[in-house]
Amino acid sequence: MSFEHVFSLTVSGVTVGMIYALIALGYTMVYGVLQLINFAHGEVFTVGGYIAASTLIWIGVDASTPLWVKLGYFALALVVSVVVTATLGWLIERVAYRPLRGRSRIIPLLSAIGVSIFLQNLLIVIFGPEPIIMPTAIVPAGFVNVFGARVRILQIIVIAVSLLLMALLTWIVKGTRIGKAMRATSQDREAAEMMGIETNRTISFTFVIGSALAAIGGFIVAMYYGSLQFDTGFLYGLKAFTAAVLGGIGNIPGAVVGSLILGLAENWGVGLTLGLLAWLFVVGLALGLYIQMVHAPRRRIDHIADEFRTPEYEGRLKAVYRLAPVVAVKTLLSERTDALVHVSARHAVQLMAGNLVLFAFAVVFFMNGDVQFSSKWQHVISFAVLMAILMFRPSGILGENIQEKV
Amino acid sequence: MAGTFRRVADVFGRIPRWVYIVAALVLAIVFPMLEQAGLMQTLWLRLGTRTLVYVLLAVGLNLVLGETGLLHLGYVAFFAVGAYSTAILSSPRLGIHWNFWVIIVIATVLAMLFGFVIGMPTLRLRGDYLAIVTLAFGEITRMTFNNWESVTNGPGGIPGIFPPNLFGWVVDKPAEFFYLLLASVVLVVWLLNNLKKSRVGRAWNALREDEIASHHSGVRPTQVKMLAVVLSSGIAGLAGAIFAYYQQFINPTYFLFMQSTIVVCMVVLGGMGSIPGAIVGAVVLDATPEIIRQAFTQWLPDALGSDFLPGVQTALQTDFDRYRMLIFGLVIVLMVIFRPEGLLPDQLWRREVHDEDPRDQEHTRQHLFDFEEGEKDLEV
Amino acid sequence: MWHERTRKLLAVGLALALAASMFGLVGCNGTEDGGEEDGGEAGATETIKIGVHTSLTGGLADYGFAAAEALKIAAEDFSGFEVDGTTYEIELVIKDDKGEPAEAPIVAQQLVDEGVIGVIGCLTSGNTNASLPIYQSAGIPVISGSATAPDLTEAGFENFFRTCLRDDLQGAAIGEWAVELGSKKAVVMDDRGDYAVALGNEVQAALEAAGVDVLRQEGQEGDVDFSAQVNNIKNFGPDAVIFTGYHREAGLLFKQLKEAGVDAQFMGGDGIKSDEIAAEAGGAENVEGALCTFGGFAQENMPGYAEFAAKFREATGKEAGPYSENNYDALGALVDAIKIAGGTDGAALIDALHEVEYDGVQGTLTFDDKGDVSVPGGGGTDLIPRFEFTEGTWQFIG
């Protein structure tokens, strides 16, 4: 287990994570504005890749094409793909989601699943079930050596482009008029409408932006791997959704953080020995203990209204967190406590249970330090992360920040 | 035109319900006899048996998706649990050959247990999150069966499953399986129909319509939902067990995510919350494609000469499956937009989805394809 | 009161009549299709139906296409043979199971209903496993040209035969080849599909028996990203990487290995033997020098291959695809069995197939007790042909 190995796993993980992030942003924006899981987003991503690749095939680039012409073709393919895909996203919202607005949550989701199946099979009908091959001439080859590990130029481009797009998106949401409209719509659609915001147009815009990002993601994947198949987007869509939920859905930085974590988890999970993975749990445990001992009690104390704030009361809250299990359990069992202490005790027990789980994992992993997860469990790891996060912390790592949502 | 439709629908609506039930039962009982009498190809019996498996699954899923309003996208996982318990406990794979009844009970109970374990932490989630958790669970289950080679033989699957022996009656012909499945369908439908009319059934529907209001009326959401999830998992496990016996071979590719979505399609098409709807949805979606294929590739060419629409014939022979799934996708979208209550709606659900003024609805539909910017939608 | 009851009775009667008429329609058709043969008088001409159970759509469509085309050629070649004064004309009934085991039993039943006297298929081992129970209860012989899983002939189906070699032989051959090339550390990777896992297990066993240090890796069918596996492989530093799945994933894997700078001999089973691998690997240079084996006999040593390949090219305009000659021989063996049995009765055909000594494209074929193909004077790994990818295509090297 050399450093070089860990490093190149990390680079791969970050690259994969950045690709997830481009798709996850689309999920997260739509969810933020509409509270709808746009299940067809993965397919929109595939369509983006297909359109870009078939545009380039249609133009017909080869190795002899001069670089600036190649760049022109590249830009053309990108524009065509983004325009077509954005139109598709707009159309999906208009036809399949808008008539269902205001219905219970699962109805639009059903419609989204229908759209997803439809698009996947439409791709087969149009392009056939064989993968579409990206012309290799357009893909920048070459690599640099960093710490003895190979890093492809394309990997650096992928990461840079993703970061750039995320910055752009953040600026759109935070710094522009339409971004303000998006935030208003996501907080309260009716109120926004009363304030004169055209919510329908805003929602359409959200879909257009999300789909455009997915198109760029599709293009990048087609370039990075050289080919794309009709069902590639399904798994990517699920992974990206996992990432969005992991970071806290509706939360743009969350989508990026979640994507990175997932990308790294997939690569580290089957690439590192348990002995190394155990350190992650040690870090997690340290973080968990910090939250339990320092962060959480401070947050609670901040909640105390000024007239009740006494050193004894603060001390009691701190004790609930720091001396859990004893105090917490005792508090939970006793009938006569006030609400804040009771809630704190419950929270403390949960935190402690989480820390215990982390500790147990760390111990078990250290004890089997030489073992490595078989790579056949790679997808299971991501799905297990998805299930665990939805079951135990559905608001994600950074939280579904209601105020800042989109 | 619409008037004629309504009049016809009225006439059919006036026929009492038991007539339909009797007719359906008689049809189902007569169906295998046609094959026995040599009037029908065994193929149709096999397709009918497959349809019955789907009916069982659709009725089971209807319990969570339709009655309780929980979107379950990993339903096929419980089917897989049932099928694999049967295959492992009654095949040369590990050399175990247990009694049919024991295995049916184990398969059902094990699937229920899985449903309980997965339901416990997830049922308090919002509906859309639950959908994704169940999807992930379905995929994990399939991959686990695929990877756990020492027991399940991995992707190679388990061949040679022993035929079931019901008190000396060895079930191994398609017709016998058809009756076995039919008996299970009747039993399950009878059970669910009674449950639907009971307090529990009303609690399910109340939860679907308004969770908060029903909670305050004394319904315990988690327990009641859990009952639905556990029961429906058990039904899938039962279906899986019989399916494994019938196929005599299973491998993980029987349990792809696509299978779950097909069952969801069936429930949505038939009418969420309606047991006859789920049955009709399964029959329509499973049988119609085969009938269309057979009609255009065999019956019509036989009747009208082999040059009848050769283009359609080749398209159906080579690209049929793609178009089938394409249409399935379209069916879901169109159904939830234009007829969310399904083909055979449940009365309650119908009222729920059409609570707005019918005239407004008409208006909404007209404006669906009106792309003028700034058009205010009527629904809120 | 009685009025109400009459109405109910009428309704039930109506429903029944409706049902009867509906199934009458279906039924009529059933009788038209069923049981046409069993005529067999001396001097007469009889048309026998032979089923082709293959996968013309789905992931393995190119293999299915090759099989179906080879069988069409074979049907033309063999049609009109005479047994006891009866001239037999062959009619192929080609059915597609989409490569899905769930569809395979339906297709099997369709063929049984059509009244076929024998079946050539299925394309994959999984689908064969799924449909053999139906063929067995119908008493119809099944000869596959491409189902290579060992357990098929070990499961005790007396009606199953095959004209291709088994995975365990091919796996041993790949392992032997890697050892011959001086491999000390090898990676075996599969795609979690039934074929790849079975072959991968055989290769791994063969390599480990020869004392080679083996790292096992797995991808998933349909994946595009193998970065974790590639990093593991690079860290392991093997001299051979053996991928036992199909060409799509193999292309992606080899491309990513090359890009990561892994310098090892790329090898594979017959799943990667497709020229499309060059495009899928992002250019032929990424596959250049890769090696693969094949689950049939060496085409170049086959007495009738040149002639067959020419016919195939003439009929389809394409090169004879993988396993096409095995399918051709499967039909030939069945025809031989009809001659020996003197008729088309299923049980007699199954017995006759064990006695067949058929001079086919691949050489003189016989079937052993289990139904596996055997050629006189051989049975070892030297039967397995080897190929190298040079100049954009797989070239036979011995």
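Sequence lines set the chain letters: A, B, ... in the order given, protein chains first and strands last, and positions in each chain run from 1. Just so we're clear, the structure is a prediction, and the values are computed from it rather than from any experiment.
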### Query
Have A:S12 and C:N231 got a donor and an acceptor in their side chains that come within less than 3.5 Å?
yes
### Query
Considering all heavy atoms of both residues, which atom of C:E218 and which atom of A:S375 are nearest to each other, and what is their separation?
N-OG, 2.6 Å
### Message
Is A:V16 close to chain C through its backbone or its side chain, or both, or neither, when contacts mean heavy atoms under 4.5 Å?
### Response
side chain
### Task
For A:N145, look at atom CG and say whether over 12 heavy atoms of other residues, nucleotides or ligands are found less than 6.0 Å away.
yes
## Note on the structure
For C:N232 and A:G271 the tightest heavy-atom approach is OD1-CA, 3.2 Å
#### Entry: Heavy-atom check, side chain of A:S227 versus side chain of C:V224, under 4.5 Å
no
### Task
Quick one: which of A:Q378, A:R152, A:E4 has the most heavy-atom pairs under 4.5 Å with chain C, could you say?
A:R152
### Query
Which of the residues A:E130, A:M134, A:K376, A:E266 is involved in the greatest number of heavy-atom pairs with chain C at under 4.5 angstrom?
A:K376
### Query
Are there residues of residues 238-249 of chain C that reach to under 4.5 Å of chain A by heavy atoms, and which ones?
C:R248
### Query
Measuring heavy-atom distances to chain A, does C:A279 have an atom under 4.5 Å in its side chain, in its backbone, in both, or in neither?
both
### Message
If I take atom CG from residue A:N267 and atom CG from residue C:D225, how far apart are they, to the nearest 0.5 angstrom?
### Response
6.5 Å
### Message
Can you give me the closest heavy-atom contact between C:G283 and A:T136, atom names plus distance?
### Response
N-CG2, 4.5 Å
#### Entry: C:S227 side chain reached by A:T15 side chain, heavy atoms, under 4.5 Å
no
### Query
Mind checking which of residues 228-242 of chain A sit less than 4.5 Å from chain C, heavy atom to heavy atom?
A:L228, A:Q229, A:T232, A:L235, A:Y236
### Summary
Residue from C:Q229, C:Q217, C:E259 scoring the most non-hydrogen pairs under 4.5 Å with chain A is C:E259
### Task
Please flag which part of C:D190 lies under 4.5 Å from any non-hydrogen atom of chain A: side chain, backbone, both or neither.
neither
### Query
Which pair of heavy atoms, one from A:Y225 and one from C:K255, lies closest together, and at what distance?
O-CE, 3.5 Å
### Message
Counting only heavy atoms from other residues, nucleotides and ligands, does the tally under 6.0 Å from CZ of C:F65 exceed 12?
### Response
yes
### Query
Checking C:E276 against chain A: side chain, backbone, both or neither under 4.5 Å from a heavy atom?
neither
### Task
Could you pull out the closest heavy-atom pair between A:H379 and C:Q220, with the gap in Å?
CD2-CG, 2.9 Å
